[in-house]
Amino acid sequence: MKYESSRGKYHSVTAAEAIKMGISPDGGLFVPESIPHLDDKQLTAMASSSYQEKAFHIIRQFLSDFSDDEIKSCINGAYNQKSFDNERIAPLVKLDTGVYIQELWHGPTAAFKDMALQMLPHLLTISAHKTGEKAEIVILVATSGDTGKAALEGFKDVEGTKIIVFYPDEGVSEIQKRQMLTQEGNNVYVAAVSGNFDDAQNGVKRIFANEEFAARLLQNGQKLSSANSINWGRLLPQIVYYVAAYLDLKAAGIVEEAQSVNIVVPTGNFGNILAAYYASRMGIPIKRLICASNANNILTDFIHSGIYDRQRKFEKTISPSMDILISSNLERLLFEVTGHNASRVAAWMEDLKDRGRYEVDAVTRDAVQDIFWADFCSDEETLTAIRQTWREHSYLLDTHTAVAVNVYQKYRSETGDNTISIIASTASPFKFANSVAQAVLEPELLQGKDEFELMNLLSQYTGIAIPVGLKELDRREIRHHSVCSQQGMEEMVMSFLQLV
Ligand SMILES: *Cc1c(COP(=O)(O)O)cnc(C)c1O
């Protein structure tokens, strides 16, 4: 299995090279040259196996340059009882007749980013080794919340790596901040950057673009790399849980041979829902992929019209991990639905860069609409979805999953489609305790309480246990104290790496 760039200049790249490079040098994203097919016999054989065995069977088809032992060590390093608090890893829970929630947040940081970031460090270190890389890998991350903590947990104490996370002083929640500041591990560094997420992100981009800096690092035996979601090594582990969800329904006799399901995904960067698309291309019968957005509804507009226009206001919502205007992974979908037409994809991405918008042709738009359905949800509707779901089903949703539930309701009432549906749940409700408490508790109970107190209150009221990774967060030792300005980020990296 080889990989190629979605912008056409790179072909026949091994999986190890694609994962090590992260992004293709022509600016494109690495995509498998063909998609392996799981036939009925293979699906039946997998149906009764463990999550780890399913992962092995699926992942090895994409990593033909990895040995079976290497793949197993990646899987066992990621999905084990030390890191996940549910032995089924990504369990399905019945919400209503024909509606299932897939909980993707049983990893160490209580958000779905763990599903990929628990595995990426293992994929990356093996890839580096395979491609003859001698340098130590220094992962540099700017985070608006969930990614930073999940990357820290994934890379902590992984040999041959260091990880440095910058978060915007004004841009993350109290819980997210505390999760990062209490991070343990002997190769982890965290610093607050004064400003917002863009400031932190621009600072990181500047460091990546600084060749002099790279040369200096290399002299020190180190190389910068990124853990962001355009890396194929982050997408691949996500395909597994969609196949697993379908097989779980099949094993339970809820779906029959070749019966289709819908999958509903709260979407930001388009990574998670794209993994579901790949699962469908591998042979999982999926009728509709339902793309749920918050007020940043650029993807809803795109799926309806074929026009992607980023010239709009950025909205701050209560589902912050979906507050995004550039959904990078959409490029991979366009490459797939145009039959790998790299020159067309490159032209659209050029338009996006130069003019802030692009418009795909009618054939491409129709091909997208053949499988995708999209809508969006306001903050008010998000809170209502949390409240109603708690009242009617005693199931507590986080704000992101609530967006998906609301959009799924809209889908049902507009189409009347009763197909069995799986809703991807991307975070524990306790991770966004402020908004969830506001939705389900009486207003007088909330007064004067901070986010940690609300988390405890929510747990007492609902009888649901707080995930280990979030429990007593406010009592853990703060281990990171660094603060810098955007201009000071480079110096901060040097001091972390003891280059000064
Ligand atoms: C990252 C994230 C999302 C969005 O996922 P994409 O792959 O970027 O579309 C949704 N919900 C939560 C909780 C997240 O952390």
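By convention here, the first residue in the shown sequence is residue 1.
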Atom pair [atom1] ([X]) and [atom2] ([Y]), whose distance is rounded to the nearest 0.5 Å:
{"X": "Ser421", "Y": "Ile290", "atom1": "OG", "atom2": "CD1", "value": "5.5 Å"}
{"X": "Ile101", "Y": "Thr389", "atom1": "CD1", "atom2": "OG1", "value": "7.5 Å"}
{"X": "Ser83", "Y": "Asp114", "atom1": "OG", "atom2": "CG", "value": "8.5 Å"}
{"X": "Ile75", "Y": "Gln118", "atom1": "CD1", "atom2": "CD", "value": "13.5 Å"}
{"X": "Leu333", "Y": "Leu29", "atom1": "CG", "atom2": "CG", "value": "11.5 Å"}
{"X": "Met455", "Y": "Asp450", "atom1": "CE", "atom2": "CG", "value": "9.5 Å"}

Heavy-atom side-chain proximity of [X] to [Y] below 4.5 angstrom:
{"X": "Leu43", "Y": "Leu247", "result": "yes"}
{"X": "Phe372", "Y": "Leu299", "result": "no"}
{"X": "Asn434", "Y": "Glu174", "result": "no"}
{"X": "Gln52", "Y": "Ile89", "result": "yes"}
{"X": "Tyr79", "Y": "Met115", "result": "yes"}
{"X": "Ile298", "Y": "Asp309", "result": "no"}
{"X": "Val93", "Y": "His393", "result": "no"}
{"X": "Lys410", "Y": "Glu381", "result": "yes"}

Flag for [Y]-[X]: side-chain donor and acceptor within less than 3.5 Å:
{"X": "Asp417", "Y": "Tyr411", "value": "yes"}
{"X": "Asn269", "Y": "Ser328", "value": "yes"}
{"X": "Asn329", "Y": "Arg332", "value": "yes"}
{"X": "Lys149", "Y": "Gln176", "value": "no"}
{"X": "Glu153", "Y": "Thr109", "value": "no"}
{"X": "Tyr278", "Y": "Glu336", "value": "yes"}
{"X": "Gln238", "Y": "Asn272", "value": "yes"}

Backbone of [Y] reached by a side-chain donor or acceptor of [X] within 3.5 Å:
{"X": "Asn80", "Y": "Gly77", "answer": "yes"}
{"X": "Asn187", "Y": "Phe155", "answer": "yes"}
{"X": "Asp323", "Y": "Thr317", "answer": "yes"}
{"X": "Thr161", "Y": "Val158", "answer": "yes"}
{"X": "Thr267", "Y": "Cys291", "answer": "no"}
{"X": "Asp351", "Y": "Arg357", "answer": "no"}
{"X": "Asn262", "Y": "Arg288", "answer": "yes"}
{"X": "His400", "Y": "Ala427", "answer": "no"}

Can you tell me if [X] has over 12 outside heavy atoms packed within less than 6.0 Å of its [atom1]?
{"X": "Glu256", "atom1": "CD", "answer": "no"}
{"X": "Arg312", "atom1": "CZ", "answer": "yes"}
{"X": "Gln369", "atom1": "CD", "answer": "yes"}
{"X": "Glu392", "atom1": "CD", "answer": "yes"}
{"X": "Phe376", "atom1": "CZ", "answer": "no"}

Query raised in the report: Would Tyr51 and Phe84 count as a ring-ring contact (aromatic ring centres under 6.0 Å, His included) if you check the C-alpha gap in whole Å, the side-chain angles of each, and the deciding distance to 0.1 Å?
Result: CA-CA 12 Å; Tyr51 189 87; Phe84 280 76; 8.1 Å; no
Report task. Provide the closest heavy-atom pair for Leu235 versus Gly271 in the form atom of the first, atom of the second, distance. Result -> CD1-O, 3.3 Å
Query raised in the report: Between Glu472 and Arg476, is there a side-chain N and carboxylate O pair less than 4.0 Å apart?
Result: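 Looking at Arg476 together with Glu472, the answer is no, because their closest N to O distance does not fall below 4.0 Å.
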Query raised in the report: Which of parallel (below 30°), tilted (30 to 60°) and perpendicular (above 60°) describes Tyr358 and Trp348?
Result: parallel
Report task. Anything under 30° is parallel, anything over 60° is perpendicular, the rest tilted; go ahead and classify Trp232 against Phe62. Result -> tilted
Query raised in the report: How far apart are the C-alpha atoms of Met119 and Ile59, what are their side-chain angles, what is the distance that settles it, and do they pass the side-chain contact (heavy atoms from CB on, under 4.5 Å) test?
Result: CA-CA 11 Å; Met119 183 170 299; Ile59 287 173; 3.8 Å; yes
